[in-house]
Protein chains: 2
Amino acid sequence: MVRNREQSEARLIAAVGQILAREGFAGLGVNAVARAAGVDKVLIYRYFDGLPNLLRAYGEREDFWPTSAEVLGEDAAAIRALPVGKRVEHVVLGLLDALRKRPQTIEILAWEAMEDNALTRTLADIREHWGLRVIEHVFPDPSERSEDVLALANLLVAGFQYLMIRARRSPAYGGVALNTETGWQHIRQGIRLACRSIDHT
Amino acid sequence: MVRNREQSEARLIAAVGQILAREGFAGLGVNAVARAAGVDKVLIYRYFDGLPNLLRAYGEREDFWPTSAEVLGEDAAAIRALPVGKRVEHVVLGLLDALRKRPQTIEILAWEAMEDNALTRTLADIREHWGLRVIEHVFPDPSERSEDVLALANLLVAGFQYLMIRARRSPAYGGVALNTETGWQHIRQGIRLACRSIDHT
DNA sequence: GTATAAAGTCACCGGTTGGTGACTTATCTT
DNA sequence: AAGATAAGTCACCAACCGGTGACTTTATAC
């Protein structure tokens, strides 16, 4: 048996992702993670001082959250020149595409919303800083942020996040297909439709 | 000790609601329910043949789901005379108000989306029949159901459901207050804003 | 009043959970 | 080569989980 702390840490972090993808957060525990990593669970305490910190390490991997560039596109300055409605549409759709590629991130978001414990709180901390940066990027001028438009934008984001969560178990939601690409195209069209009314006041 | 099966059953059903309200579905188990009901857990098996059926009994109480009248208003026929966008607005806002009064129902919806087991599947069955009736009521003519509008309507419903779920733990979401009435007024305005573009094509 | 079926109690089962102490073994420094 | 430090193993803990069998107690039907 080769002894290698770095490798063991990496295995534990990878095991978190495996379990989240396979069983969801319900199966996430010290025993399960250690078993999946092929490592003794005592190392979780020695190296990470418990599961919450291991989960924090997992949440801080580079590709866990999309970068601002991935959400906003390469030319962030060009976005700020668009009317507000178009800007909202752009960032909401960008966020949708970015998150659809990250099923484990969706799993974390879901869990964060459901339960309130040491593990979820650490994850909420990580996401906090990330989310604020995006808003600052898109709406540098606070006067542009109408309360109602902000509410609508967040409602749309909350909506597709919830649909992504349901998509893992259910093939459809209220007549909208969640397991086909065309179903998600309709959702994207719905978002565009909603954003159209923002500039049209 | 008075012996009364009906009362014990009622206590168990009430205990389910208590636990859902207090701890959420994470704390929902045979032992916890029996303890909260002040009743031996063996009665759960004797009277309900297990927790799933007890939960089904809980989900079938009269006031658990809003009635169609509560969502649509008293004059369901008048709604069908409105343009499509107004109809969507009306039913989405009606559903929002109806569900805001039912925190335990939100808890169930959340759980249903998160986990997939015997308990959640029984609850999904109950909700299924309920949801279809509402859609049939509002859009009796299938030709009126544009795919994109349907997607938007479901996106809005999914959105406020997700926000309600988060509201239990977080006071705000992306700058929108979830713990004040004015915050929810902004969300309602956002819904109205989104629906405006439906008829405006 | 007595028999009987049901209501309720209690102790226990195997399994899993998060967590720890004591141990062996490998690697690295001197 | 010897010793120190860290990596990894293992057995065990108390607490909980869902679930069951055997028991006592009460109400009810006859």
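A note on names: the letters A, B, ... follow the listed sequences, proteins ahead of strands, and every chain is numbered from 1.
Atoms CG (A/Leu43) and P (C/dA22) sit 18 Å apart, rounded to a whole Å. For B/Glu6 and D/dT26, the CD to C1' distance is 17 Å, given to the nearest whole Å. To the nearest angstrom, C1' of C/dA7 lies 4 Å from CZ of B/Arg3. One can place CD of A/Gln7 at 16 Å from P of C/dA26, the figure rounded to the nearest angstrom. Going from atom CZ of B/Arg5 over to atom P of C/dA7 covers 5 Å, rounded to whole Å. Summarising the geometry, the separation between CZ on A/Phe48 and C1' on C/dG18 is reported as 17 Å, rounded to the nearest angstrom. The separation between B/Ile44 atom CD1 and D/dG18 atom C1' is 10 Å, rounded to whole Å. Between the C1' atom of D/dG19 and the CG atom of B/Asn53 lies a distance of 16 Å, rounded to the nearest Å.
For the 3.5 Å distance criterion, the side chains of A/Asp148 and A/Ser146 fail to qualify, holding no donor opposite an acceptor.
In terms of the salt bridge (charged side-chain N to carboxylate O under 4.0 Å, His left out) criterion, residue partners of A/Asp116 (sequence neighbours excluded) are, by chain and number, A/Arg121. With sequence neighbours excluded, the residues forming a salt bridge (charged side-chain N to carboxylate O under 4.0 Å, His left out) with A/Arg166 are B/Glu112, listed by chain and number. Here B/Trp65 pairs with B/Trp130 under the ring-ring contact (aromatic ring centres under 6.0 Å, His included) rule; sequence neighbours left out. Under the salt bridge (charged side-chain N to carboxylate O under 4.0 Å, His left out) criterion, B/Arg80 pairs with no residue at all, not counting sequence neighbours.
Pairs of residues two or more places apart, or lying in two chains, that qualify as ring pair (Phe, Tyr, Trp, His ring centres under 6.0 Å) and include a residue from residues 70-117 of chain A are A/Phe25-A/Trp111. Pairs engaging residues 29-40 of chain B under the side chain to side chain donor-acceptor pair (under 3.5 Å) rule: B/Asn31-B/Lys41 [sequence neighbours left out]. Sequence neighbours left out, the pairs with a member in residues 185-194 of chain B that pass salt bridge (charged side-chain N to carboxylate O under 4.0 Å, His left out) are B/Glu89-B/Arg192, B/Asp97-B/Arg188.
Between B/Ser8 and the phosphate of C/dG8, there is a side-chain N or O to OP1/OP2 separation shorter than 4.0 Å. Phosphate contact (OP1/OP2 of D/dG8, side-chain N/O of A/Tyr47, threshold under 4.0 Å): present.
Heavy atoms of A/Val39 sit nowhere under 4.0 angstrom from any nucleic acid atom.
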Return a single string for nucleotides 11-17 of chain C, one symbol per nucleotide in 5' to 3' order, where B is base contact, S is sugar-phosphate-only contact and - is none, cutoff 4.0 angstrom on heavy atoms. ------S
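Each of B/Arg46 and B/Leu51 has a nearest nucleotide on DNA chain D; the 5'-most of these lies closest to B/Leu51.
Side chain of A/Arg168 to backbone of B/Ala113: a donor-acceptor contact under 3.5 angstrom is found.
Nearest to the side chain of A/Val42, among C/dG19, D/dC10, D/dG18, sits D/dC10.
Remark: nothing in residues 11-19 of chain A comes within less than 4.0 Å of DNA chain D through any heavy atom.
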